[in-house]
Novice: 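Can you read through this structure? Questions will come right after.
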Amino acid sequence: MVVVVKSGANQDEIQSLIKHLTSMGGISVHITEGVETSILGLVGDTTRINEESLKANPLVSNVMRVQEPYKMANRKFHPEDSVYEIKTGDGTAKIGGTNFSVMAGPCSVETRDQITGIARAVKASGASFLRGGAFKPRTSPYAFQGLGKEGLDLLLEAKRATNLPIVTELMAITQLELFDNVDVIQIGARNMQNFDLLKELGHVNKPILLKRGLANTAKELLMAAEYIMAGGNEQIILCERGIRSYDTFSRNVLDLGVVPYLKRHTHLPVIVDPSHATGYAWMVPPMAKAALAAGADGIIVEVHNDPLNAWCDGEQSITPAQFDTLMKQLRQYAQIEGKQL
């Protein structure tokens, strides 16, 4: 249930209304402060609330029942776009709103020179985040699984060298203690419905980049986000990374149509991964530009200094020079779309 408070209500009056609502038991209230009004999102058993009596309250402008199963992720609960700020050594990196965030780096961390060199290159081109895999989920048990903690340490070295906030994937609850200095925790497609992991992330105070599963619907992605938000962490970034289809011309099918759908139904930032979605470096630039045009809040792109000899996913990685060209093109597109890059 959503309760819209009339403009002009003071904080004491709003707190009194919240106290009245929570006194009914089994209900928690989340406040969203808008420009002109406040919105109260009621989560729990709202069947005992008399809607007409609530509407008669002089503080209440409107009352709406939320039919969708996702509540906290719902734009009805939070009409304005959520914007997250991550402090860096150079200032602040923002995700959401009018910002178009670019996360760039190699699929996997290989060596100190490799990750630090790429970090410096993508920062020079304008990337706002460094991505890199230390723990790698792979389809084959014989494929390179990442350097693990060593890779995470090298990624943190690159962070210190460039002041870029880092994005890297968490695969298991047992790894969580190693991620204290990670700025954005990525949950990959295969873990999108690892509900125990999602619940644990509800207690983490940092943004979670949640990738859509290989065969999951948009609503299932929103429900996965709801698991994390229900635990107390409301900093979720949704990521479209391609879904399975019968066609084989690309690694996956990039569902750009889901971007405006999600932007309509949720306040959470939505980014696109054109690298994993297509599987080919030559397809990354056009799909990155299409993501911006579709209304995405950013992209996460794989960049490697030597794709032919990459330890993981070299075929879908663009070079630093190609990334620099892409960033120049995206800046022109961003101006048209009213986005800040």
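Numbers here are sequence positions counted from 1. Just so it is clear, the model here is predicted, and its values are computed rather than measured.
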Novice: Check the surroundings of atom CG in Asn205: do more than 12 heavy atoms from other residues, nucleotides or ligands lie under 6.0 Å from it?
Specialist: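 Incorrect, the count does not exceed 12.
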
Novice: So which atom in Ala104 and which in Val303 form the shortest heavy-atom distance, rounded to 0.1 Å?
Specialist: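 That closest heavy-atom pairing would be CB-CG2, 3.9 Å.
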
Novice: Per the side chain to side chain contact (heavy atoms under 4.5 Å, CB included) rule, which among Ile271, Val102, Ile237 passes with Ile300?
Specialist: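 Option passing the side chain to side chain contact (heavy atoms under 4.5 Å, CB included) with Ile300: Ile271.
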
Novice: Would a single hydrophobic cluster contain both Ile115 and Leu178, if residues Ile, Leu, Val, Met, Phe, Trp and Tyr are joined by side-chain heavy-atom contacts under 4.5 Å?
Specialist: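 Yes, it is one cluster - the side chains of Leu178 and Ile115 are joined through contacts under 4.5 Å.
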
Novice: Please step through side-chain contact (heavy atoms from CB on, under 4.5 Å) for the pair Leu42 and Val2, ending with a clear verdict.
Specialist: CA-CA 6 Å; Leu42 278 58; Val2 173; over 6 Å; no

Novice: What's the spacing between Arg241 CZ and Arg212 CZ if we round to 0.5 Å?
Specialist: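 These two atoms lie 10.0 Å from each other.
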
Novice: Ignoring hydrogens, what is the shortest heavy-atom contact between Phe100 and Leu341? Give both atom names and the distance.
Specialist: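 Between these two residues, the closest heavy atoms are O-CD1, 3.2 Å.
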
Novice: Please say whether more than 12 non-hydrogen atoms of neighbouring residues, nucleotides or ligands are located less than 6.0 Å from CZ in Phe179.
Specialist: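 Above 12, so yes.
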
Novice: Could you check whether any side-chain N or O of His267 sits under 3.5 Å from a backbone N or O of Met72, counting only pairs where one atom can act as donor and the other as acceptor?
Specialist: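 Answer holds: yes.
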
Novice: Name the one of Asp81, Val83, Asp297 that satisfies side chain to side chain contact (heavy atoms under 4.5 Å, CB included) with Asn99?
Specialist: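 Per the side chain to side chain contact (heavy atoms under 4.5 Å, CB included) rule, the option paired with Asn99 is Val83, out of Asp81, Val83, Asp297.
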
Novice: Whether the side chain of Gln322 engages the backbone of Thr319 through a donor-acceptor N/O pair (distance < 3.5 Å, no angle test) should be reported.
Specialist: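 Judged by distance alone, yes, a pair lies under 3.5 Å.
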
Novice: State the NZ-CE distance between Lys71 and Met223, to the nearest 0.5 angstrom.
Specialist: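 Spacing of NZ (Lys71) from CE (Met223) equals 8.5 Å.
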
Novice: Please report the interatomic distance OH(Tyr227) to CD(Glu200), rounded to the nearest 0.5 Å.
Specialist: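 Those atoms lie 14.5 Å apart.
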
Novice: Below 4.5 Å, heavy atoms only, C-beta onward: do Gln175 and Phe135 meet side chain to side chain?
Specialist: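 When only atoms from C-beta onward are counted, Phe135 and Gln175 do touch, with a gap below 4.5 Å.
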
Novice: Please list, chain by chain and in numerical order, all residues satisfying side-chain hydrogen bond (donor to acceptor under 3.5 Å, both in side chains) with Asn194, sequence neighbours excluded.
Specialist: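 Only Asn191 meet the side-chain hydrogen bond (donor to acceptor under 3.5 Å, both in side chains) criterion with Asn194.
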
Novice: Going by distance alone, is a donor N or O of one side chain under 3.5 Å from an acceptor N or O of the other, for His78 and Glu234?
Specialist: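 Looking only at side-chain atoms, Glu234 and His78 do not form any donor-acceptor pair under 3.5 Å.
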
Novice: Linking I/L/V/M/F/W/Y whenever their side-chain heavy atoms sit closer than 4.5 Å, directly or via other members, would Leu17 and Met1 fall into one cluster?
Specialist: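 Linked within one cluster.
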
Novice: Determine, using the 4.5 Å side-chain heavy-atom cutoff (strictly less than), whether Leu156 and Val204 are members of one ILVMFWY cluster.
Specialist: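 The answer is yes; both residues are in one hydrophobic cluster.
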
Novice: Does the side chain of Ile185 come within less than 4.5 Å of Leu176's, by heavy atoms?
Specialist: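 Yes, their side chains come closer than 4.5 Å.
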
Novice: What's the verdict on side-chain contact (heavy atoms from CB on, under 4.5 Å) for Arg251 and Asp313, showing C-alpha distance, side-chain angles and the deciding distance?
Specialist: CA-CA 11 Å; Arg251 183 174 181 177; Asp313 287 343; 3.5 Å; yes

Novice: Contact between Lys219 and Tyr261 at the side-chain level, heavy atoms closer than 4.5 Å - yes or no?
Specialist: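 They are in contact (side-chain heavy atoms under 4.5 Å apart), so the answer is yes.
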
Novice: Short question: side chain of Ser23, backbone of His20 - any donor-acceptor pair under 3.5 Å?
Specialist: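 Yes; judged by distance alone, with no hydrogens or angles, the pair exists.
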
Novice: Does a side-chain heavy-atom distance below 4.5 Å link Met103 with Leu130?
Specialist: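 No, too far: nothing below the 4.5 Å cut-off.
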
Novice: Using modelled atom types only, decide if a donor and an acceptor are shared between the side chain of Gln15 and the backbone of Asp12 within a distance under 3.5 Å.
Specialist: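 No, because the side chain of Gln15 does not come within donor-acceptor range (under 3.5 Å) of the backbone of Asp12.
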
Novice: Within the 4.5 Å heavy-atom criterion, are Leu198 and Ile208 side-chain neighbours or not?
Specialist: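 A side-chain contact is absent here, since even the closest heavy-atom pair is not under 4.5 Å.
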
Novice: In terms of heavy-atom contacts, does NZ of Lys339 have more than 12 from other residues, nucleotides or ligands at under 6.0 Å?
Specialist: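 Yes, enclosed.
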
Novice: Measuring only between side-chain heavy atoms, which start at C-beta, is Glu52 closer than 4.5 Å to Lys55?
Specialist: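 Glu52 vs Lys55: side chains touch.
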
Novice: If only side-chain N and O atoms count, and only distance matters, is there a donor-acceptor pair under 3.5 Å linking Lys206 with Gln235?
Specialist: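 No, no side-chain donor-acceptor pair sits under 3.5 Å.
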
Novice: Of all the heavy-atom pairs spanning Thr168 and Gly133, show the shortest one and how long it is.
Specialist: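 For Thr168 and Gly133, the tightest heavy-atom pair comes out as OG1-CA, 3.9 Å.
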
Novice: Please tell me whether Tyr280 and Met287 are part of a single hydrophobic cluster in this structure, the criterion being side-chain heavy atoms less than 4.5 Å apart.
Specialist: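 No.
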
Novice: Can Leu256 be reached from Val301 by stepping across I, L, V, M, F, W or Y side chains whose heavy atoms are under 4.5 Å apart?
Specialist: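 Hydrophobic grouping puts Val301 with Leu256.
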
Novice: After noting the C-alpha distance and the side-chain angles of Lys211 and Leu209, does the key distance pass the side-chain contact (heavy atoms from CB on, under 4.5 Å) rule?
Specialist: CA-CA 6 Å; Lys211 287 196 167 187; Leu209 194 161; 3.9 Å; yes

Novice: Would you say Ser317's side chain and Pro307's backbone share a donor-acceptor pair under 3.5 angstrom?
Specialist: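 Checking the backbone N and O of Pro307 against the side chain of Ser317, no donor-acceptor pair under 3.5 Å is found.
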
Novice: Determine the sole option in Gln67, Glu68, His265, Glu226 for which the side-chain hydrogen bond (donor to acceptor under 3.5 Å, both in side chains) test with Asn74 is passed.
Specialist: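 Only match with Asn74 under side-chain hydrogen bond (donor to acceptor under 3.5 Å, both in side chains): Glu68.
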
Novice: Run Thr92 and Ile86 through side-chain contact (heavy atoms from CB on, under 4.5 Å) and show every step you take.
Specialist: CA-CA 6 Å; Thr92 303; Ile86 294 92; 5.9 Å; no

Novice: Tell me the closest heavy-atom pair linking Ala93 and Phe129, and the distance in Å.
Specialist: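 That closest heavy-atom pairing would be CB-CZ, 3.7 Å.
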
Novice: Could you measure the distance from the CG atom of Leu170 to the CG atom of Leu197? Nearest 0.5 Å is fine.
Specialist: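 Taking CG in Leu170 and CG in Leu197, the distance rounds to 5.5 Å.
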
Novice: Taking Asn216 for its side chain and Leu221 for its backbone only, find out whether a donor-acceptor pair lies under 3.5 Å.
Specialist: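 A pair under 3.5 Å: no.
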
Novice: For the backbone of Ala321 and the side chain of Thr325, can you confirm whether one donor and one acceptor N or O come within less than 3.5 Å of each other?
Specialist: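 Yes: the side chain of Thr325 pairs with the backbone of Ala321.
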
Novice: What I'd like to find out is whether the side chain of Ile39 reaches to under 4.5 Å of the side chain of Phe77, using heavy atoms alone.
Specialist: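 They are not in side-chain contact.
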
Novice: So does Lys263 get a backbone contact from the side chain of Thr266, meaning a donor-acceptor N/O pair under 3.5 Å?
Specialist: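 Here the side-chain-to-backbone pair does not exist.
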
Novice: Is a side-chain donor or acceptor of Glu240 paired with a backbone partner of Gly242 at a separation under 3.5 angstrom?
Specialist: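 Yes, the answer is positive, given that a donor and an acceptor are paired below the 3.5 Å cut-off.
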
Novice: For the residue pair Val272 and Cys239, what are the closest heavy atoms and their distance?
Specialist: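 That closest heavy-atom pairing would be C-SG, 4.5 Å.
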
Novice: Is there a side-chain contact between Leu54 and Val3, using heavy atoms and a 4.5 Å cut-off?
Specialist: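 Side-chain contact under 4.5 Å: yes.
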
Novice: At what distance, to the nearest 0.5 angstrom, does NE2 of His276 lie from CG of Asn252?
Specialist: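 If we round to the nearest 0.5 Å, His276:NE2 and Asn252:CG are 9.0 Å apart.
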
Novice: Rounded to the nearest 0.5 Å, how far apart are CD1 of Ile31 and OG of Ser38?
Specialist: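 So the CD1 of Ile31 and the OG of Ser38 are separated by 7.0 Å.
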
Novice: Under a 4.0 Å threshold between the charged nitrogen and the carboxylate oxygen, would Arg131 count as salt-bridged to Asp273?
Specialist: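 So Asp273 does not pair with Arg131 through a salt bridge.
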
Novice: Within a 6.0 Å radius of atom CZ on Arg331, are there more than 12 heavy atoms belonging to other residues, nucleotides or ligands?
Specialist: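 Counting neighbours around CZ of Arg331, more than 12 heavy atoms of other residues, nucleotides or ligands fall under 6.0 Å, so yes.
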
Novice: Assess whether atom CZ of Arg65 is packed by more than 12 heavy atoms of other residues, nucleotides or ligands within 6.0 Å.
Specialist: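 Yes, because the 6.0 Å sphere around CZ of Arg65 holds more than 12 heavy atoms from other groups.
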
Novice: Can you see whether Asn305 engages Gln114 through a side-chain donor-acceptor pair at a distance of less than 3.5 angstrom?
Specialist: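 No, no side-chain donor-acceptor pair sits under 3.5 Å.
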
Novice: Keeping Lys159 on the side-chain end and Asn181 on the backbone end, is there a donor-acceptor pair under 3.5 Å?
Specialist: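 Pair found, side chain donor or acceptor close to backbone of Asn181.
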
Novice: List the atom of Pro260, the atom of Ala294, and the distance in Å for their closest heavy-atom pair.
Specialist: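 Scanning both residues completely, I find the closest heavy atoms to be CD-O, 3.8 Å.
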
